[in-house]
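The structure appears right after this line, and notes come after that.
All of these numbers come straight from a predicted model, not from anything done at the bench.
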Amino acid sequence: MRDEPRNGATARLHQDSTARLAQDTTARLAQDSTARLREDAAAELCQAEPAAGGGVIESWDVSVGVDGPGTRFVVFTCGCPLRCLYCHNPETWRMRDGRRVTVDEVMTEVDRYRRFISVAGGGVTVSGGEPLLQPRFTGELLRRCHESGLHTALDTSGYLGDRASDALLADTDLVLLDIKSYDPQGYRRLTGGSLEPTLRFARRLADLGRPVWVRFVLVPGHTDAEENVEGLARFVASLGNVERVDVLPFHRMAAGKYARLGLAYPLADVKPPDQDLLERVHAQFAAHGVTSV
């Protein structure tokens, strides 16, 4: 029997149903992709660290103002045990995708920029990925830089803070500590990991008196709840060694990287925070006597 033409109401219902199905399918695929990525992240914890004197990196670069004070020579290590939904360096997730280098090779490259970064009041930052997935390499690199008179910084989530020896931290002039969220459940949804190791590491840094800049990415719908920011502000204020909090507005500039890697970008529909939200968050930190920028 020939189909009868749909009337306007039926057509709209059909369109709405099709749109909902497409949205549900997209959400399910994104969830499946995130689950697979987090299984992959867990596998990184089992990766063997390279032999003494060597490590695995994605690249190195020179930056200004975002990876510590002054102009920085930044080493991006490979391998990370987390899969943050907003991660902007997915190319650093897996150690096996990086290139092997020796500490001597990295120091040779650092020396090419030594005068430039010293005059500009900068230094060397070890970032990632997660540098503490390779504590031997990271510790040796920080030691060599520190002993040569360069300011050193460690950019870490703190999730593997227990792997950082006191000697490694003694060679670290500044820790850039990424606290993704202060809500344990929100932290797990956002990263796939547990919040407690990061808080434990933060308290240890306070006990050791190591200077810290806390980094907090403000993601609407994920980290912007007033109670989440309030809890983080109270915690930071209690430590006594945090010099400032960098409130980093979420952005989607990494979407192109995900596309090139054949990955779904989990937060493609999330918009950056507006000025009113940024002002509210800064005011919450200020209310606890915490400097935020």
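For an aromatic pair to be called close, the ring centres must be under 6.0 Å apart, and Tyr86 with Phe250 fails this.
For the residue pair Gln284/Glu230, the side-chain donor-acceptor check at 3.5 Å is satisfied. Defined by atom type and a distance below 3.5 Å, a donor-acceptor pair is missing between the side-chain atoms of Arg143 and Thr152.
Ring orientation note: the planes of Trp93 and Tyr258 are nearly perpendicular, at an angle over 60° on the 30°/60° scale.
For the atom pair OH (Tyr187) and CG (Leu199), the distance works out to 8.5 Å, reported to the nearest 0.5 Å. Note: Leu154 CG to Thr125 OG1 = 9.0 Å, rounded to the nearest 0.5 Å. Between Leu195 atom CG and Arg188 atom CZ the span is 10.0 Å, to the nearest 0.5 Å. For the atom pair Asp178 CG and Ser127 OG, the distance stands at 7.5 Å (nearest 0.5 Å). Atom CZ of Phe216 is separated from atom CG of Asp246 by 12.0 Å, given to the nearest 0.5 angstrom. Here the straight-line distance linking atom CZ of Arg114 with atom CD of Glu109 works out to 12.5 Å at 0.5 Å rounding.
Annotation: Arg280, atom CZ; neighbour count of heavy atoms from other residues, nucleotides and ligands within 6.0 Å is above 12. Open room surrounds NE2 on His88; 12 or fewer heavy atoms of other groups in view lie less than 6.0 Å from it. No more than 12 heavy atoms of other residues, nucleotides or ligands lie within 6.0 Å of CZ in Arg115, so this atom counts as exposed by the packing criterion. Summarising the local packing, CD of Gln185 is surrounded by 12 or fewer heavy atoms from other residues, nucleotides or ligands at distances under 6.0 Å.
Counting heavy atoms from C-beta outward, Val75 and Val110 have side chains that stay 4.5 Å or more apart. Looking at Phe137 and Val101, their side chains come closer than 4.5 Å, going by heavy atoms from C-beta outward. Within the 4.5 Å cutoff, the side chain of Leu208 has heavy atoms near those of the Asp166 side chain. Using a 4.5 Å heavy-atom threshold, the side chains of Val247 and Val293 count as separate. Asn228 places a side-chain heavy atom less than 4.5 Å from the side chain of Ser181. Considering only heavy atoms from C-beta on, Phe201 stays 4.5 Å or farther from Asp162 through its side chain. Contact check for Arg163 versus Gln134: no side-chain heavy atoms found under the 4.5 Å cut-off. Residues Glu130 and Thr156 are in side-chain contact: their nearest non-hydrogen atoms beyond the backbone lie under 4.5 Å apart.
A donor-acceptor contact shorter than 3.5 Å is absent between the side chain of Arg234 and the backbone of His288. The backbone N or O of Gly193 sits less than 3.5 Å from a side-chain atom of Thr191, completing a donor-acceptor pair. A distance-only check finds a donor-acceptor pair linking the side chain of Asp224 to the backbone of Gly221 [under 3.5 Å]. A donor-acceptor pair is defined here as one N or O able to donate and one able to accept, closer than 3.5 Å; such a pair exists between the side chain of Glu105 and the backbone of Thr102.
Ion pair Glu196/Arg203 flagged as a salt bridge, since at least one NZ, NE, NH1 or NH2 atom sits closer than 4.0 Å to an Asp/Glu carboxylate oxygen. Looking at Arg252 and Asp269, no side-chain N of the basic residue comes within less than 4.0 Å of a carboxylate O on the acidic one, giving no salt bridge. Between Lys257 and Glu91 there is a salt bridge, with a side-chain nitrogen of the basic residue lying less than 4.0 Å from a carboxylate oxygen of the acidic one.
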Which atom pairs, donor and acceptor, lie under 3.5 Å between side-chain atoms of residues 54-64 and protein residues at least two apart or in another chain?
unit_1: Ser63; atom_1: OG; unit_2: Asp67; atom_2: OD2; d: 2.7

From CA spacing to verdict: side chain to side chain donor-acceptor pair (under 3.5 Å), Arg72, His151: CA-CA 9 Å; Arg72 315 292 300 183; His151 181 276; 3.0 Å; yes
